[in-house]
Amino acid sequence: KKGRSKSSSAKADKLKALVFPEPMQEFDHLTSRYGVSRRLANNVAEQGFTVPTEVQLGALPLLLDSPSTYLSESGQPGLTSSIGAIDLLAVAPTGSGKTLAFLLPLLHKLQQEKRDDAAVDRHISALILAPTRELASQTVNEGRKLSKNTGITITQMRKGMRFGLQDHDNAEEEESSEYNHSSLVKADIIVSTPGIVHNTTSESENHLALSKVRHLILDEADVLLDPLFRDQTLEIWNTLSNPKLRVSMWSATMGSNIEALATATIAARRRGLNELGKT
Ligand code: ADP
Ligand code: MG
């Protein structure tokens, strides 16, 4: 309302220049331009995938977030993103390869993070929510293939499971804890329906176990945000307290529910960005 200052419109121009990365036309670019590990790139090749699908060629450069993927106003690559990471809403038809589009950048980020900070090993880093157990299980299968030999673990949370208290170094202590009758779920990436997380663990338990989660992925986001799942999904989202949290939403249809939420998320993040910009 105060009117735009010169610096805020300069910032807007800079943002505009940053948000259109070049599409990734071939998977070879994973290693050559985006610094993806050879292991991870090989796992993609082993699936027999040769060319990225449309949603992949658009989303992968955004999510891999490499400085060289951003074009400057003069069309030259090389501007470093001041955003660091982005929130994304991707809409693409069923069968268009959305699973790989979110798993691959996630695995890449987690590999980098593990390399930079060994302490992340003990915590759940990513949560993928899906509307059905079957879909969650398919995502885990694809995740296992893609993460082969990368050191990143992915597992499905099933009924009766609780989050492992990963900051217990002493296994015996865990053995005698109150959770010893239910299996503990521990991995870098947890895939689950919202109901399992919501109904089998308490809010305080979620707060603790999920406090380091930096990546939240809503698969079939339109369904996760329809009246049946909405409250559970948002409640889980709200327990994720890490300020570095990045959210991506994936859907086959553009519903008003996801659009409103995406807009609100982006607006909140932008306010955060402006705050950062002032210091
Ligand atoms: P969506 O989630 O968009 O409905 P999926 O991620 O389930 O689609 O992918 C549909 C199918 O396409 C899967 O069998 C997957 O293995 C395959 N697939 C994904 N990416 C590619 C690719 N780049 N080339 C060929 N097939 C692919
Ligand atoms: Mg899918």
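In what follows, residues are counted from 1 in the order of the sequence shown. Start at 1 and go down the list; that is how both ligands and their atoms are numbered. Here the structure is a predicted model, which is why all the values come from computation and not from measurement. Note: hydrogens, waters and symmetry copies are ignored here, and every other heavy atom, side chains too, is used.
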Do Tyr34 and Phe49 sit in one hydrophobic cluster, given that two such residues count as connected whenever their side-chain heavy atoms are within less than 4.5 Å of each other, even indirectly? yes
Using a 3.5 Å distance criterion without hydrogens, assess whether the side chain of Lys114 forms a donor-acceptor pair with backbone atoms of Ile152. no
The single option from Asn257, Asp222, Thr94 passing side-chain hydrogen bond (donor to acceptor under 3.5 Å, both in side chains) against Ser251: Asp222
Write down the atom of Leu88, the atom of Leu62, and the distance for their closest heavy-atom approach. CD1-CD1, 3.8 Å
Among all protein heavy atoms, pick out the one at the shortest distance from atom 20 (N) of ligand 1; state its residue, atom name and that distance to 0.1 Å. Gln56 NE2, 2.8 Å
Note: ligand 1 atoms sitting under 4.0 Å from heavy atoms of Ser96 are 1 (P), 3 (O), 8 (O)
What's the shortest distance from atom 8 (O) of ligand 1 to any protein heavy atom, and which residue and atom give it? Gly97 N, 3.1 Å
Can Ala92 be said to touch ligand 1, with heavy atoms closer than 4.0 Å? no
Between Gln56 (side chain only) and Gly97 (backbone N and O only), is there a donor and an acceptor less than 3.5 Å apart? yes
Considering Leu135, Thr99, Leu103 one by one, which has a heavy atom nearer to atom 7 (O) of ligand 1 than any of the others? Thr99
Just let me know how Val51 lines up against ligand 1, side chain, backbone, both or neither, with a heavy-atom cut-off below 4.0 Å. backbone
With backbone taken as N, CA, C and O and side chain as the heavy atoms from C-beta onward, which portion of Pro93 lies under 4.0 Å from ligand 1: side chain, backbone, both, or neither? backbone
Looking only at distances, please establish whether an N/O atom of ligand 1 is found under 3.5 Å from an N/O atom of Thr94. no
Is there at least one protein heavy-atom neighbour under 4.0 Å from atom 18 (N) of ligand 1? yes
Among Phe49, Trp250, Phe102, which one puts a heavy atom closest to atom 26 (N) of ligand 1? Phe49
At what distance is the nearest protein heavy atom to atom 13 (C) of ligand 1, and which residue and atom is it? Glu142 OE1, 5.0 Å
Decide whether Leu57 and Leu107 are clustered together by the hydrophobic rule: side chain heavy atoms of Ile, Leu, Val, Met, Phe, Trp, Tyr closer than 4.5 Å, transitively. no
Would you say Leu100 and ligand 1 have an N/O pair spaced under 3.5 Å apart? no
If you have a sec, work out which protein heavy atom is nearest atom 3 (O) of ligand 1 and how many Å separate them, to one decimal? Lys98 NZ, 2.9 Å
Would you mind running through ligand 1 and noting each atom that sits below 4.0 Å from a heavy atom of Thr53? 21 (C), 22 (C), 23 (N)
Looking only at non-hydrogen atoms, find the nearest pair between Ile258 and Thr253 and report the distance. CD1-O, 3.5 Å
Just verifying a value: how many Å separate Ile189 CD1 and Ile128 CD1, rounded to the nearest 0.5 Å? 5.5 Å
Do Gln156 and Arg158 have a side chain donor and acceptor closer than 3.5 Å? yes
With rounding to the nearest 0.5 angstrom, report the CG to OG1 distance, Leu225 to Thr233. 6.0 Å
Phe27 neighbourhood, listing ligand 1 atoms whose heavy-atom distance to it stays under 4.0 Å: 23 (N)
What protein heavy atom lies closest to atom 4 (O) of ligand 1? Include the residue and the distance to one decimal. Gly95 N, 2.6 Å
